[in-house]
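Inspection log for the structure reproduced underneath, given as structure tokens.
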Amino acid sequence: MREEIAIKVEGLSKYFRVPHEKHTSLKSAALNIFQKRKYTVFKALQDINFEIKKGEFFGIIGRNGSGKSTLLKILAGIYLPDKGKIEINGKLSPFLELGVGFNPELTARENVFLGGAILGLTRKEIADKFDAIVEFAELEEFIDMKFKNFSSGMQVRLAFSLAVNAHAEILLMDEVLAVGDSNFQAKCIDKFIEYKKENKTVILVSHDLMSISNYCDRAMLLEKGKVVLIEQPKKVIARYYDLTVKNTDKNSIGKRSNKKAIYIESARIASSKDENKTHYDLFEEIKVSLKYKVLKETTNPVFGISVYNKAGILLFATNTKEKNITIGTIDPGNYKLTFYFNNVFLDGVYTVSSAIADENIVSFYDWKDELVNFKVYTNLANKGIIETESRIEIG
Amino acid sequence: MSIKNKNYKYLGLIKELALTNFKLKYQGSVLGYLWSLVKPLMLFVVLYFVFTRIFRVGGSIEHYPIYLLLGVVLWGFFSELTAVSLGSIVQSGDLIRKVYFPRMVLVISTGVTSLITLLLNLIIVFIFMAFLKVIPSFSSLLFVAILFELFVLTIGVSFFLSALFVKFRDVAHIWEVILAVLFYATPILYPLSLVPNKIALVMLLNPAAQIIQDARYLLVTHQTATAWNSLALQYVWIPYVLPFVIFALGYRYFNKAAAKFAEEV
């Protein structure tokens, strides 16, 4: 295997045999011993192929039952695959969830040692990292308290801290980002950035599309145990969105709501001063106007835009929820909404995507990628991505 | 990373789990760890009075109380460990579904916890021995080998039971009955001399009986009938080899079943 590859999966399949009658007692097993066991084969994963490079943040998304967790469990060694080959290059964290094996009756200190041992660390390795683990979790004063007396936030912090300080080269994480308060979350993200610098690999399974699109280099979409797409996160998320829409449509065949309840009809980008500009200057105010159509009465949708550069990196995003704008209930009809932002970007082509989500930004009514684009041309020499006001003082 | 290095890593986990089990056993009690000494002590006092003052089954055997206690302690290890480790995989279902480590660690760590208890119990036995002036001979050192054989046998049986229990929950009830049968089929409470000779010889084919009798021979009295001094040459190897055969088969069965534990547990 090439050195720069962390994980290589080839032709991986996993089947679960779901027996029609499960024999959990010897009697029924004995009575049915001469009968051929009847079972349905559930194909949890079929012919999965992908490669993950070292230092890459790789997201896995998909609907419930699409095989995400099964895949992670196979990578961790918890399940054995039925077919296919997995090559893993580097020390892999063998767990999926935080705090597995922690015992509520033990103190935090004892739990660090127990949990560390379960992750495959020796006592000496844990002792060396102990201070760093406790400090990262911000639990220095409580370290000899019983774990059961910790608040759930403290418990998760300790678990996360142990996991990230266990110094695995490849981390598997199943829905673990949403832990702790915002302060702690920021720390976790710093840790992830540090990982990237250290050429560590993170595989993240999440329903939180925002974190996938913000932190992952690439993402994979799974559907019914098959790979649909491996691409830049925003493309994968767009496809995921298509998939959810298609499937909800299937459930409502015959109804008039065959179309989306609310969707983006068109968009227009312009300078707020000059309507006919083809490119923009630095610090010029840009406006993006959305025309959207409401087909079914909708309550509190959230409208958002995001700006990407040519490399597909998210540069800026905003939405109505962030700005504390509540839309309220809207009746069917045509509407308009305009976003304004100050152009801090230097020369290049930028694309704007837009989406309409539900109140909690969990599911999307509509998601349009590369809806409009804009060019920036300044007279400044190319010296970065953005420009900001700055000054220099001498003396 | 070499395989050796990898397995060495999990010795640490066995130790951590075993100590945790042991710690939690006496959690919240006032006497704490002291219970692990007080409990066998109290049990021994009861046995001592019942079997030397009331029933007097010991007959001509010298140091019968010690002879009896030693048997009870060794049997206690076997019955407790098999009963506890039977559920060790199923009880750790959550762990098994979420993290990878060799599943065997769970059974072995349960075994180490029981071994700690056994050693503490043996300390009490040794104290009684000193008290009753039973002086062991130099050959008593072989007792360590007997303990090893007992550990191998018990872990071997535990491998089978814990793996089978994942598939068939009936095993718990069946094993309870088998343990009761084995308890009476093994000369623990009664001396082997009370049993008709032919039956006694068959009973000695049982490794548990052989282990207990050998331990008594080495530590308490040479009057003990053991497998090697009673059985004919063509049979005598059976009880000594059987524990290792059970261990090897149990190990193989467990490893084969372990691949599917995460799905079945």
Side-chain angles (χ1 to χ4, degrees), chain A residues 14-19 22-30 44 69-70 72-82 88 90-107 110-127 146 163 172 174, chain B residues 1 5-29 90-103 105-106 109 112 161 164-175 177-178 255-265:
Chain A
K14 176 73 191 170
Y15 310 129
F16 289 112
R17 295 199 168 95
V18 187
K22 197 178 183 226
H23 300 302
T24 47
S25 74
L26 276 175
K27 185 188 155 209
S28 61
S69 295
T70 306
L72 231 51
K73 281 184 174 178
I74 291 174
L75 291 179
I78 296 167
Y79 288 166
L80 286 184
D82 287 304
I88 289 169
K91 197 177 146 204
L92 181 126
S93 66
F95 68 102
L96 302 179
E97 275 173 40
L98 294 174
V100 280
F102 276 10
N103 194 310
E105 295 291 337
L106 297 178
T107 66
E110 290 166 326
N111 266 317
V112 168
F113 282 95
L114 178 63
I118 289 172
L119 301 188
L121 298 171
T122 63
R123 203 167 173 95
K124 195 186 165 303
E125 282 175 299
I126 305 161
K146 266 190 189 171
L172 306 175
D174 197 353
Chain B
M1 199 189 299
N5 189 358
K6 239 180 165 170
N7 284 338
Y8 168 76
K9 212 168 66 176
Y10 290 110
L11 280 180
L13 179 55
I14 293 175
K15 203 178 93 188
E16 287 296 335
L17 286 173
L19 286 177
T20 304
N21 290 343
F22 191 73
K23 258 185 228 163
L24 294 179
K25 217 169 159 181
Y26 301 104
Q27 186 101 48
S29 58
V90 171
Q91 268 160 27
S92 304
D94 203 41
L95 207 56
I96 285 174
R97 274 189 300 268
K98 283 170 189 162
V99 58
Y100 174 76
F101 56 90
R103 308 313 188 197
V105 162
L106 291 171
S109 63
V112 173
L161 292 174
L164 273 172
F165 188 58
V166 174
K167 278 194 178 144
F168 305 108
R169 301 298 154 94
D170 315 46
V171 175
H173 308 293
I174 295 171
W175 186 244
V177 175
I178 293 177
N255 267 347
K256 231 178 115 189
K260 292 264 175 188
F261 281 168
E263 291 166 40
E264 283 169 347
V265 80

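On a predicted model such as this, the values are computed, not experimentally measured, just so you know. Sequence lines set the chain letters: A, B, ... in the order given, protein chains first and strands last, and positions in each chain run from 1.
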Q. Considering residues, nucleotides and ligands other than B:K23, do more than 12 of their heavy atoms fall under 6.0 Å from its NZ?
A. yes
Q. Side chains of B:L11 and A:T122: closer than 4.5 Å at any heavy-atom pair?
A. no
Q. Can you name the residues that form a salt bridge (charged side-chain N to carboxylate O under 4.0 Å, His left out) with A:K124, not counting sequence neighbours?
A. A:D128
Do you know the tightest heavy-atom contact between [X] and [Y]?
{"X": "A:N103", "Y": "B:T20", "value": "ND2-CG2, 4.3 Å"}
{"X": "B:A262", "Y": "A:Y79", "value": "CB-CE2, 3.6 Å"}
{"X": "A:I78", "Y": "B:Y100", "value": "CG1-N, 3.8 Å"}
{"X": "A:L80", "Y": "B:A259", "value": "CD1-CB, 3.3 Å"}

Q.
Let me confirm one number: the NZ-CZ distance from B:K260 to A:F16, rounded to the nearest 0.5 Å.
A. 8.0 Å
(Q) I need the A:L121 CG to B:L13 CG distance, nearest 0.5 Å. (A) 10.5 Å
**Q.** B:I96 versus chain A, the contacting section by heavy-atom distance below 4.5 Å
**A.** backbone
Q. What residue among A:K14, A:R17, A:K73 forms salt bridge (Lys or Arg N to Asp or Glu O under 4.0 Å) with B:E263?
A. A:K14
**Q.** Set of side chain to side chain contact (heavy atoms under 4.5 Å, CB included) partners for A:K146, sequence neighbours left out
**A.** A:E105, A:K148, A:N149, B:Q27
